[in-house]
Amino acid sequence: MTAALRLDRVAAGYRGAEVVRGVSAAVAEGGWLAIVGPNGAGKSTLLKAIAGLVAFSGDIEVHGRSVTALSRRQRAHEIGYAPQNPLLPDGLTVTDYVLLGRTPHLGALARESATDRSIVEESLARVDLGGLAARRMRTLSGGEQQRAVLARVLAQRTRLLLLDEPTTGLDIGHAQALLELLDRLRREDGTTVVTTLHDLTFAAQYAGDLLLVDGGEVVAAGAPEEVLTAERLRRHYAADAEVLRTADGRPVVTPVRPR
Ligand SMILES: Nc1ncnc2c1ncn2[C@@H]1O[C@H](COP(=O)(O)OP(=O)(O)OP(=O)(O)O)[C@@H](O)[C@H]1O
């Protein structure tokens, strides 16, 4: 089967400074890869390279096609990307903001159809924001904005989602609801999910595979229970933590105060 996403020796960076190098990975259609690692490891840069926002060398293939061969519009049909700190244009209502996700689907006259509007409504309902549709984006709380950003990406209706820290600023219930929603899209529609996630317990509960990045390089990859060890958390995060297990064997990472 063709992988939904394949990275082959990818290097990327900014103005000559390479911050990610030698990254190879593959995600099957309907899979979930969580890119984890300490601050500054290069996780966001890697997502931006896949999304076409940062120059890279090596190969990145989405559904069997090299991303460099895709036009902007084709890329927007294939890849939905939600940045960690999105720009929120002044004065835009939540509905108008989420409608931006439909832009790649609009015709030459760029007027949205009833279908576009109903997709936007459905996307807002999915992230529990139906009641705030008419509010201005800037007046939303941080967590509400985060959910609106996800609604915009959902409205784009792509088979591959790249989400940079999608649970930042969300309370535990909304974070769980969002991850459950992504998991449902994955299982029911075969959507492929790639997220960066700082919460390693959430990462371990939802992702099929983890890619642990440190200093711009992959230092471990595989099933969460293989990747997450107390030793690695110490080495790569300088963290004192224990890796416990839920009843079904999934890792739970809990910090413990150094004695
Ligand atoms: N626009 C930029 N120009 C120059 N350097 C950058 C730029 N963006 C990021 N960097 C640098 O690249 C490195 C990797 O940053 P990146 O944002 O990819 O890390 P990250 O793993 O996502 O970190 P975090 O967990 O803190 O979000 C860091 O050293 C950062 O300072």
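Quick caveat, the model's predicted, so the values are computed rather than measured. If you read the sequence from its start, that first residue is 1, and numbering goes on from there. As the structure lists them, so they are numbered: ligands from 1, and atoms in each ligand from 1.
- Ligand 1 has no nitrogen or oxygen under 3.5 angstrom from a nitrogen or oxygen of Arg15.
- Contact annotation for Gln84 and ligand 1: only side-chain heavy atoms (C-beta onward) come within less than 4.0 Å of the ligand.
- Looking at Val10, Val23, Val20, Val213 one by one, the single match for side-chain contact (heavy atoms from CB on, under 4.5 Å) with Thr45 turns out to be Val20.
- Taking atom 25 (O) of ligand 1 as the reference point, the nearest protein heavy-atom neighbour is Lys43 NZ, 2.7 Å.
- Contact atoms of ligand 1 toward Pro38: 21 (O) (distance under 4.0 Å to a heavy atom of the residue).
- At the top of the distance list for atom 19 (O) of ligand 1, counting protein heavy atoms only, stands Gly42 N, 3.3 Å.
- Atoms of ligand 1 lying under 4.0 Å from any heavy atom of Ala41, numbered from 1 in the order shown and given with element: 19 (O), 20 (P), 21 (O).
- Residue Thr45 approaches ligand 1 through these ligand atoms, each under 4.0 Å from one of its heavy atoms: 14 (C), 15 (O), 16 (P), 18 (O).
- Using a non-hydrogen distance threshold of 4.0 Å, Gly37 does not register as a contact of ligand 1.
- Between the side chains of Thr246 and Asp248, at least one donor N or O lies within less than 3.5 Å of an accepting N or O.
- The distance from ligand 1 to the heavy atoms of His198 drops below 4.0 Å at these ligand atoms: 25 (O).
- Tyr14 CZ, 3.3 Å is the protein heavy atom nearest to atom 8 (N) of ligand 1.
- Short contacts between ligand 1 and Val19, defined as distances under 4.0 Å to a heavy atom of the residue, involve ligand atoms 12 (O), 13 (C).
- Between the choices Gly215, Gly40, Gly13, the shortest heavy-atom distance to atom 13 (C) of ligand 1 belongs to Gly40.
- Within the 4.0 angstrom cut-off, atom 6 (C) of ligand 1 has one or more protein heavy-atom neighbours.
- The closest side-chain donor-acceptor pair between Thr95 and Thr93, if any, does not fall under 3.5 angstrom.
- Taking 4.5 Å as the limit, every side-chain heavy atom of Glu78 sits out of range of all side-chain heavy atoms of Thr158.
- Contact annotation: the side chain of Leu5 approaches that of Ile60 to within less than 4.5 Å [non-hydrogen atoms, C-beta and beyond].
- Taking a cut-off of under 4.0 Å to the non-hydrogen atoms of Ser44, the atoms of ligand 1 that pass are 17 (O), 18 (O), 20 (P), 22 (O).
- Side-chain contact between Asp214 and Tyr237 is absent, with no heavy atoms from C-beta onward closer than 4.5 Å.
- In this structure the side chain of Ser44 never reaches within 4.5 angstrom of the side chain of Ile35, judged on heavy atoms.
- Tested against Trp32 for a side-chain hydrogen bond (donor to acceptor under 3.5 Å, both in side chains), the candidates Asp183, Asp209, Thr195 yield a single pass: Thr195.
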